[in-house]
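Step one of this worksheet: look at the structure below.
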Amino acid sequence: MKKLFYISIIVAVFGSCSEYQKTLKSESIADKFKVGEALYNEGKFSKANRLFAQIVPNYRGKPQAEKLMFLYSDSFYKMKDYYVAGYQFERFASSYPKSEKLEEASFLSARSYYMLSPVYSKDQTETKEAIEKLQEFINLFPESEYLPEANKLVKELDFKLEKKAYSIAKQYNRISDYPASIKSFDNFIFDFPGSTLREEALFYRLDSAFKLAINSREYKKTIEGIIVPLKKDRLNTAKEYCNSFKKLYADSEHIEEADVMAAALDEELKNYSTKS
């Protein structure tokens, strides 16, 4: 009995493959559509996609074209070919602006771009593009059933940009390029005012400013040959950052380090008062 059972399965599988191969070689676009849709419904998206690709040009302008194009686009999405899926869904949306599938296609197009966003440590060009696409969807369909997910995806992508900007500024601090670190943290604080990384950013900006000030020369000569104070100004800037951090984050895990920096800055600045 078991032998007969396995034989029947093998026959069914090979029969299915044979039918698929026969349909691939067939000249009937109707058969390709019918078998392709059946395969799509069975979750065999790669096979369905091959059949759809053969007949898409033949259905342009026909009533069935709208359904075919959606299935064709979605088969790419289900195959995780997000580059092509995003493009095909965009084509669908522009070709069928009155389709009942317009909202879904527009969302899946934007979600395809989201799926292409890399980890935060890599170049974030695709992340920014995904945010733009999702925001376009949100603006076009403010009452959409997909709105909560779209907002969630935008939030995820925004945080990825925050982590990228923060990591760059932190790296400058790590390699002791303190001017670049301060500037990068300033940009971060301005660009992401509500970031959960704000406390860390303000602390490491202070850390960079402190180390830059403590190790500075007293004066510098400008291009014009003018001698201007350097260390005192940097000490005062670091002191401002320190006071601001301690006021905003009195319970921070970095507060003891900030207190040590504050005492060192006060001691350095006291020397200038004595000289005066």
Discussion item. Please report the interatomic distance CZ(Phe92) to CD(Glu104), rounded to the nearest 0.5 Å.
Written reply: 9.0 Å

Worksheet item: So do the side chains of Asn271 and Glu268 get within less than 4.5 Å of each other, counting heavy atoms only?
Response: yes

Worksheet item: Any side-chain heavy atom of Phe159 sitting closer than 4.5 Å to one from Glu162?
Response: yes

Item to complete: Dump the intermediate steps for side chain to side chain donor-acceptor pair (under 3.5 Å) on Ser117 and Glu126, then the final yes or no.
Response: CA-CA 5 Å; Ser117 171; Glu126 287 169 324; over 6 Å; no

Worksheet item: Could you go step by step and tell me if Phe245 and Tyr241 meet the ring-ring contact (aromatic ring centres under 6.0 Å, His included) rule?
Response: CA-CA 6 Å; Phe245 179 81; Tyr241 288 164; over 10 Å; no

Under 3.5 Å donor-acceptor pairs involving side-chain atoms of residues 145-153, not counting sequence neighbours:
from: Glu149; atom 1: OE2; to: Arg111; atom 2: NE; distance (Å): 2.8
from: Glu149; atom 1: OE2; to: Arg111; atom 2: NH2; distance (Å): 3.2
from: Asn151; atom 1: ND2; to: Leu147; atom 2: O; distance (Å): 3.4

Practice prompt. Determine, for Glu19 against Lys22, whether the closest basic-nitrogen to carboxylate-oxygen distance falls under 4.0 angstrom.
Written response: no

Fill in: Shortest non-hydrogen separation from Leu265 to Cys242 and the atoms involved
CD1-CB, 4.4 Å

Item to complete: Could you pull out the closest heavy-atom pair between Gly86 and Tyr113, with the gap in Å?
Response: CA-CE1, 4.3 Å

Worksheet item: If every non-hydrogen atom of Lys122 is compared with every non-hydrogen atom of Lys164, which pair is closest and at what distance?
Response: O-NZ, 3.3 Å

Worksheet item: Are Ile55 and Pro57 side-chain neighbours, meaning at least one heavy-atom pair lies under 4.5 Å?
Response: no

Worksheet item: Quick one: CZ on Phe141 to OG on Ser106, what's the gap to the nearest 0.5 Å?
Response: 4.0 Å

Discussion item. Taking Leu248 as the starting point, is it possible to reach Tyr166 by hopping between hydrophobic residues whose side chains are less than 4.5 Å apart?
Written reply: yes

Response to the item:
Between the CD atom in Glu200 and the CD atom in Glu253, the distance rounded to the nearest 0.5 Å is 6.0 Å

Practice prompt. Say whether Glu103 and Ser144, considering side chains only, have a donor N or O and an acceptor N or O under 3.5 Å apart.
Written response: yes

Discussion item. To check you understand the geometry: which heavy-atom pair defines the closest contact between Asn49 and Ser75, and what is its length?
Written reply: ND2-OG, 2.9 Å

Worksheet item: Would you say Asp207's side chain and Phe203's backbone share a donor-acceptor pair under 3.5 angstrom?
Response: no

Item to complete: Each residue besides Tyr87 in its hydrophobic cluster should be listed here, by chain and number; the cluster joins Ile, Leu, Val, Met, Phe, Trp and Tyr at side-chain heavy-atom distances under 4.5 Å.
Response: none

Worksheet item: Is there a donor-acceptor contact under 3.5 Å linking the side chains of Asp31 and Thr23?
Response: no

Worksheet entry | Trace of the side-chain contact (heavy atoms from CB on, under 4.5 Å) decision for Leu116 with Tyr83 | CA-CA 7 Å; Leu116 293 169; Tyr83 280 106; 3.5 Å; yes

Discussion item. According to a hydrophobic-cluster definition based on side-chain heavy atoms being under 4.5 Å apart (Ile, Leu, Val, Met, Phe, Trp, Tyr only), do Tyr120 and Ile131 belong together?
Written reply: no

Fill in: Arg198, CZ: over 12 other non-hydrogen atoms inside 6.0 angstrom
yes

Worksheet item: So, do Gln135 and Ile138 sit near enough that their side-chain heavy atoms are less than 4.5 Å apart?
Response: yes

Discussion item. Tell me the closest heavy-atom pair linking Val56 and Leu68, and the distance in Å.
Written reply: CA-CD2, 3.9 Å

Discussion item. Would you say NZ of Lys67 has more than 12 non-hydrogen atoms from neighbouring residues, nucleotides or ligands within 6.0 angstrom?
Written reply: no

Worksheet item: Tyr96 and Met69: side-chain contact (heavy atoms from CB on, under 4.5 Å), yes or no, with the steps?
Response: CA-CA 10 Å; Tyr96 304 101; Met69 284 306 299; 4.2 Å; yes

Worksheet entry | Check ion pair Asp266-Lys270 (N to O, under 4.0 angstrom) | no

Worksheet item: Is it true that the side chains of His254 and Glu199 contain a donor and an acceptor less than 3.5 Å apart?
Response: no

Worksheet item: Would a line drawn from the ring center of Tyr72 to the ring center of Phe76 be shorter than 6.0 Å?
Response: yes

Item to complete: Starting from the C-alpha separation in whole Å, work towards a yes-or-no answer on side-chain contact (heavy atoms from CB on, under 4.5 Å) for Ser181 and Tyr204.
Response: CA-CA 8 Å; Ser181 180; Tyr204 282 106; 5.8 Å; no

Fill in: Main-chain N/O of Glu240 paired with Ser244 side-chain donor or acceptor, under 3.5 Å
no

Worksheet item: Which heavy-atom pair separates Ala262 from Lys239 by the least distance, and what is that distance?
Response: O-NZ, 4.0 Å

Worksheet item: Parallel under 30°, tilted from 30 to 60°, perpendicular over 60°: which one fits the rings of Phe45 and Tyr40?
Response: perpendicular

Practice prompt. Answer with yes or no after comparing the ring centroid distance for Tyr172 and Tyr178 against a 6.0 Å cut-off, counting only values under it.
Written response: no

Discussion item. As a quick check of understanding, evaluate salt bridge (Lys or Arg N to Asp or Glu O under 4.0 Å) for Glu90 and Lys133, giving each step before the final call.
Written reply: CA-CA 10 Å; Glu90 283 184 338; Lys133 297 294 183 181; 2.8 Å; yes

Worksheet item: Would you say Ser94's side chain and Arg91's backbone share a donor-acceptor pair under 3.5 angstrom?
Response: yes

Discussion item. Is there a side-chain contact (heavy atoms from CB on, under 4.5 Å) between Arg50 and Tyr20? Walk through the geometry before answering.
Written reply: CA-CA 10 Å; Arg50 284 189 67 189; Tyr20 173 66; 3.4 Å; yes

Fill in: Main-chain N/O of Ala105 paired with Ser109 side-chain donor or acceptor, under 3.5 Å
no

Practice prompt. Compare all side-chain heavy atoms of Gln124 with those of Pro118 and state whether any distance is below 4.5 angstrom.
Written response: yes

Worksheet item: Is the shortest heavy-atom distance from the side chain of Phe185 to the side chain of Leu202 under 4.5 Å?
Response: no

Item to complete: Taking the side chain as every heavy atom from C-beta outward, state whether Leu212 and Thr237 have any pair of such atoms under 4.5 Å apart.
Response: no

Discussion item. Check the orientation of Tyr59 and Phe33. Use parallel for under 30°, tilted for 30 to 60°, and perpendicular for over 60°.
Written reply: perpendicular

Fill in: Within one Ile-Leu-Val-Met-Phe-Trp-Tyr cluster: Leu161 and Ile168, side-chain cutoff 4.5 Å
no

Worksheet, complete the sentence: Rounding to 0.5 Å, atoms OH (Tyr82) and CD (Gln88) come to a distance of 16.0 Å

Item to complete: Give, for atom CG of Leu134 and atom CD of Glu156, the distance between the pair rounded to the nearest 0.5 Å.
Response: 10.0 Å

Worksheet item: Would you say Phe52 and Lys32 make side-chain contact, with heavy atoms under 4.5 Å?
Response: no

Worksheet item: Just how far is it from atom CG of Asn173 to atom NZ of Lys211, taken to the nearest 0.5 Å?
Response: 5.5 Å

